[in-house]
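Take this structure, written in structure tokens, and hold onto it; I'll ask about it next.
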Amino acid sequence: MISDIPWGEFLSDLVAPSVAVLAALVGLVVTLSQLTAGGRLRKEADFWKQEAVDAELAQDKAVYQSLHRLAVGKLVARNGVPLRRITMVLGALVPGQLLLITGSQQLVLHPGLASSVLLALGAVAGVAGMFIALGEYSVLNFARRDVLLSFLDGRKMVADFDVWPDRTRAVAVLGRRGVVEVLLVSVSTSAVVLVVTASLVELLNEAAVIPPWLDTLGMLAYISIVYLLFAIAGSESFKRSEAWIHPRPLTAAANVPAPPAVPTENKGLL
């Protein structure tokens, strides 16, 4: 029986609900992101299309048409590479964080070699899961951008994004600096999870005592996260990767007029 295990009550009362809430929140965020972003882009595309129809100046019409193509291109990119294609990384993220939470709790309640080994395994799993999740999200955005640029430039669009995490692909997309930044946020986030869990366990159990080195780890983790915010704000992936120019110059491939629609004859009822 799980209740016979020293930390079984903790797993039942705190960890299991936390994992359920985490999974629900992730699903909710993914769903809302898909719905709100897609709906916003559709409204934006319709708005710019109507503005282009109503425009009286040629320059204004060209700008509105360019903005309309950009909004439609983003919709095409989202269709080619939907956000749900990175849900596979939850298989690494959630168990890793769960093991980290369990190891943190055991270290505070039952300090010893077994707890230290469990915490070490949880730390490795937590950092690895977070790194995989953030790396794959970056790869997904890169794949979407490739589809968007192919649409705008009139090239063939291919969405070859694989749902299975690929370390080589993530490293190629992130670059050396990006890998360091993602690793930093993975370590910092895992450290914060460890410290917060240990603090909660100490608060809920009078006999529990947090090891002194955890306080130092927590301070370093928070400092790293503050640094990371500045690092992300200054990174090329956060900034615009190209100048915002409209009307966007059309390439020769994109400037080919579409063939006229063939009207269908209404033969009526036979």
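Small disclaimer: the values here were computed from a predicted structure and weren't measured.
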Margin query: Do Leu113 and Leu121 land in one hydrophobic cluster if side-chain heavy atoms of ILVMFWY residues count as linked below 4.5 Å?
Written below: yes
Item checked: Where Phe131 and Val182 come nearest, the two heavy atoms and their spacing -> CD1-CG1, 3.5 Å
Notebook entry, point to check: Nearest 0.5 Å, what's the CD-CG distance between Glu51 and Asp60?
Noted result: 9.5 Å
Item checked: Nearest-0.5 Å distance that lies between atom NE2 in His246 and atom CZ in Arg69 -> 10.5 Å
Item checked: Separation between CG of Leu149 and CZ of Arg144, rounded to the nearest 0.5 Å -> 14.0 Å
Checklist line | Arg248 backbone acceptor or donor facing Ser66 side chain under 3.5 Å | finding: yes
Next item on the list: Report yes if the side chains of Leu183 and Val127 come closer than 4.5 Å at any heavy-atom pair, otherwise no.
Entry: yes
Margin query: If hydrophobic clusters are built by linking Ile, Leu, Val, Met, Phe, Trp and Tyr wherever their side-chain heavy atoms come under 4.5 Å apart, do Phe47 and Trp244 end up in the same one?
Written below: yes
Check: Can you hop from Val195 to Met130 via hydrophobic side chains spaced under 4.5 Å?
Finding: no
Notebook entry, point to check: So if you build clusters from Ile, Leu, Val, Met, Phe, Trp, Tyr with side-chain heavy-atom gaps below 4.5 Å, do Val256 and Val72 land together?
Noted result: no
Check: Just by distance, do the side chain of Thr197 and the backbone of Ser104 share a donor-acceptor pair under 3.5 Å?
Finding: no
Check: Do the charged groups of Glu136 and Arg169 touch, with an N to O distance under 4.0 Å?
Finding: yes
Item checked: Pairwise distance CG(Leu75) to CZ(Arg42) - rounded to 0.5 angstrom -> 6.5 Å
Check: Taking Ser188 for the side chain and Leu184 for the main chain, is one N or O donor matched with an acceptor at less than 3.5 Å?
Finding: yes
Notebook entry, point to check: Is the shortest heavy-atom distance from the side chain of Gln106 to the side chain of Pro111 under 4.5 Å?
Noted result: no
Margin query: Is there a side-chain contact (heavy atoms from CB on, under 4.5 Å) between Val63 and Trp48? Walk through the geometry before answering.
Written below: CA-CA 9 Å; Val63 171; Trp48 292 124; over 6 Å; no
Check: Is any side-chain heavy atom of Leu152 less than 4.5 Å from a side-chain heavy atom of Thr251?
Finding: no
Margin query: When you group the ILVMFWY residues by side-chain heavy-atom contacts below 4.5 Å and let the links chain together, are Leu148 and Leu140 in the same group?
Written below: yes
Check: Roughly how far apart are Gln105 CD and Ser115 OG, rounded to 0.5 Å?
Finding: 8.5 Å
Next item on the list: Spell out, as yes or no, whether a donor-acceptor pair under 3.5 Å connects the side chain of His68 to the backbone of Ala45.
Entry: yes
Next item on the list: Using a strict 4.0 Å threshold on nitrogen-to-oxygen distance, state whether Lys61 and Asp54 make a salt bridge.
Entry: no
Notebook entry, point to check: If you measure from CD1 on Ile101 to CG on Leu194, what distance do you get to the nearest 0.5 Å?
Noted result: 10.0 Å
Next item on the list: Please test Arg78 against Leu41 for side-chain contact (heavy atoms from CB on, under 4.5 Å), starting from the C-alpha separation and ending with a verdict.
Entry: CA-CA 10 Å; Arg78 291 178 63 83; Leu41 286 172; 3.5 Å; yes
Checklist line | Min side-chain heavy-atom separation Leu118-Thr102 under 4.5 Å | finding: yes
